[in-house]
Amino acid sequence: MIGSDSDKESAGADTLVACHECDALHQREPIPKGARADCVRCGRNLYSNIPNTLDRSIALFLSSLILLTIANAYPFLAMKAAGRMEVNQVFSGGFALYEFGMGELGLVVFLTSILFPFVTIIGTLYLLLCVRAGFHPPAAGPVFRTVNALAPWSLIGVFMLGTLISIVKLQDLATVVPGIGLYALAGTLLVFSAARANLDPDVIWTHSPQRQLTADQVNAGDRVLNCHACGLLRVEGAHGEPHACPRCGAAMHHRVSNSIERTWALMVAAAVMLIPANLLPVLNVQKLGQGQPDTIMSGVIHLIEGGMWGLALIVFFASVVVPALKLLTLGFLLHSVQSGSNWRPRDRTFLYRVTEVIGAWSMVDVFLVGLLSGLVRLGLLATVEPGLGASFFGAAVILTMFAAHNFDSRLIWDRADLRDDAVTEGGEAPA
């Protein structure tokens with residue numbers, strides 16, 4: 001059977017694996033089914049033994065594609081008030097922002113909630129089906145790099161959270177009727193998450209002619225380059241010339257060039273964007289001709305006044321606390337690297353990991369603005385218009401995400417009082 005567990009174990013005997021976050025080299029060891037191996041230095045997951053990963057992933061990604069197609073083809077939400085009904089679809093939020101003159105924000109909503117998830121699912125299915133058919137996928141490198149780059153920007157979960165918040169927020173305006181598209185998108189979120197959790201990326205390279213480095217191919221003093229896309233390892237040349245991964249074509253480098261400078265620049269730009277984002281209105285809700293523009297904080301206060309404490313806390317945390325904490329955390333990490341600090345590198349790496357994961361959830365406010373703008377169009381009864389602050393806030397969130405992606409966490413370990421030249425035994429822990 002293609003990609004069976006026994007094949008994977010025999011192919012992986014004596015091979016090396018490098019941690020993407022601290023650059024430690026490990027000997028790849030067999031682990032039980034359902035278990036995972038973690039880096040002994042920073043705790044990051046190195047690899048897992050997922051039973052029947054190929055067939056399971058194909059089934060889940062195919063189900064995700066079907067559900068996502070249904071979600072975009074059928075009505076998503078509807079509003080009923082005074083005999084009138086307004087129906088929208090998943091793309092309506094992005095299109096509404098475009099109609100209100102915020103085409104750049106509408107494009108972001110469309111890309112992250114529709115196009116990027118579609119491309120990620122279709123690209124992964126293409127790779128897996130080719131492997132299942134018994135051959136190496138043509139153009140595997142470009143397709144894999146595209147999927148790998150777009151996966152963090154496929155924000156179905158954040159979009160669903162924005163949808164739930166908008167439903168609660170609309171309760172006092174009209175009756176909200178969920179459509180088939182909403183149930184299908186909820187199913188997509190669950191199945192897509194399961195698909196990504198059950199996918200072992202190594203199975204994609206089952207038939208690749210490029211094999212992983214083994215311990216006997218690395219000499220003392222060699223500097224090993226790690227492809228952060230597909231995980232292939234190669235020994236750096238004598239002159240330290242730039243490398244392209246021979247398996248997927250991604251750039252291979254000892255450290256990301258100008259990582260500190262680019263991260264600082266993106267952080268400063270994000271901080272500048274947050275000023276008008278918090279001062280300018282992000283939303284203008286009019287009910288029976290009455291209402292006023294809301295900033296992020298005034299919207300939170302109105303939710304509290306309406307007794308929606310839980311919803312207010314979610315919006316406050318995602319829109320105010322997370323962007324501020326992300327900038328402060330990245331600033332702290334950059335300062336610690338520039339000052340050559342040897343203070344608790346494992347904890348600093350964990351801070352970076354958390355920062356990278358939670359940053360995208362600030363996009364919930366952007367999705368909320370798009371959803372409300374596209375759905376609430378009841379003329380004199382009620383209307384919702386996006387404010388200029390939403391564009392600045394969206395720009396700030398995207399800049400902080402780029403900043404986190406540009407920071408090279410391996411820099412944290414460069415001055416750590418640890419032996420980097422030893423090949424250690426792979427960390428093995430139960431799943």
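Treat the numbers as computed from the prediction; the structure is a model and nothing was measured.
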Fill in the blank from the handout: With sequence neighbours left out, the residues meeting salt bridge (charged side-chain N to carboxylate O under 4.0 Å, His left out) with Asp222 are none
Problem - Of all pairs that satisfy side chain to side chain donor-acceptor pair (under 3.5 Å), the ones with a partner from residues 354-365, not counting sequence neighbours - result: Ser319-Asp365, Tyr352-Glu356
Exercise for the section: Output all residues satisfying side-chain contact (heavy atoms from CB on, under 4.5 Å) with Val119, sequence neighbours left out; order by chain, then residue number. Expected result: Leu115, Thr146, Leu150
Exercise for the section: Report the residue from Asp202, Thr15, Thr214 that forms a side chain to side chain donor-acceptor pair (under 3.5 Å) with Arg28. Expected result: Asp202
Practice task
Hey, could you give me each pair passing side chain to side chain donor-acceptor pair (under 3.5 Å) that has a residue in residues 327-337? Not counting sequence neighbours.
Solution key: Ser336-Arg348
Practice task
Could you tell me how the ring of Phe76 sits relative to the ring of Phe159: parallel (under 30°), tilted (30 to 60°) or perpendicular (over 60°)?
Solution key: tilted
Handout entry: Phe192: ring-ring contact (aromatic ring centres under 6.0 Å, His included) partners, not counting sequence neighbours
Key = none
Exercise for the section: Would you confirm whether Arg145, through its side chain, and Ala229, through its main-chain N or O, come within 3.5 Å as a donor-acceptor pair? Expected result: no
Handout entry: side chain to side chain donor-acceptor pair (under 3.5 Å) pairs, two or more places apart, involving residues 398-410
Key = His228-Arg410, Asp408-Arg410
Exercise for the section: Give, for atom CZ of Arg234 and atom CG of Leu213, the distance between the pair rounded to the nearest 0.5 Å. Expected result: 5.5 Å
Exercise for the section: Look only at the side chain of Arg346 and the backbone of Arg41, and say whether a donor-acceptor pair between them is shorter than 3.5 Å. Expected result: yes
Problem - Exercise: do Arg247 and Gln212 side chains pair donor with acceptor under 3.5 Å - result: no
Exercise for the section: Check whether any side-chain N or O of Tyr47 sits under 3.5 Å from a backbone N or O of Glu29 as a donor-acceptor pair, and report yes or no. Expected result: yes
Practice task
Could you pull out all residues at least two apart from Arg44 that satisfy salt bridge (charged side-chain N to carboxylate O under 4.0 Å, His left out)?
Solution key: Glu21
List the atom pairs, with distances to 0.1 Å, where a side-chain N or O of residues 100-111 and a protein N or O form a donor-acceptor pair under 3.5 Å, not counting sequence neighbours.
unit_1	atom_1	unit_2	atom_2	d
Glu104	OE2	Ser391	OG	3.0

Exercise for the section: Write out all pairs satisfying salt bridge (Lys or Arg N to Asp or Glu O under 4.0 Å) with one or both partners inside residues 331-344, taking only residues at least two apart or from two chains. Expected result: Arg344-Asp347
Completion exercise
Phe144 meets the ring-ring contact (aromatic ring centres under 6.0 Å, His included) criterion, sequence neighbours left out, with Trp205
Completion exercise
Across all chains, not counting sequence neighbours, the ring-ring contact (aromatic ring centres under 6.0 Å, His included) partners of Trp264 are none
Handout entry: Set of ring-ring contact (aromatic ring centres under 6.0 Å, His included) partners for Phe402, sequence neighbours left out
Key = Trp153
Exercise for the section: Could you tell me whether the side chain of Ser373 and the main chain of Val369 form a donor-acceptor pair under 3.5 Å? Expected result: yes
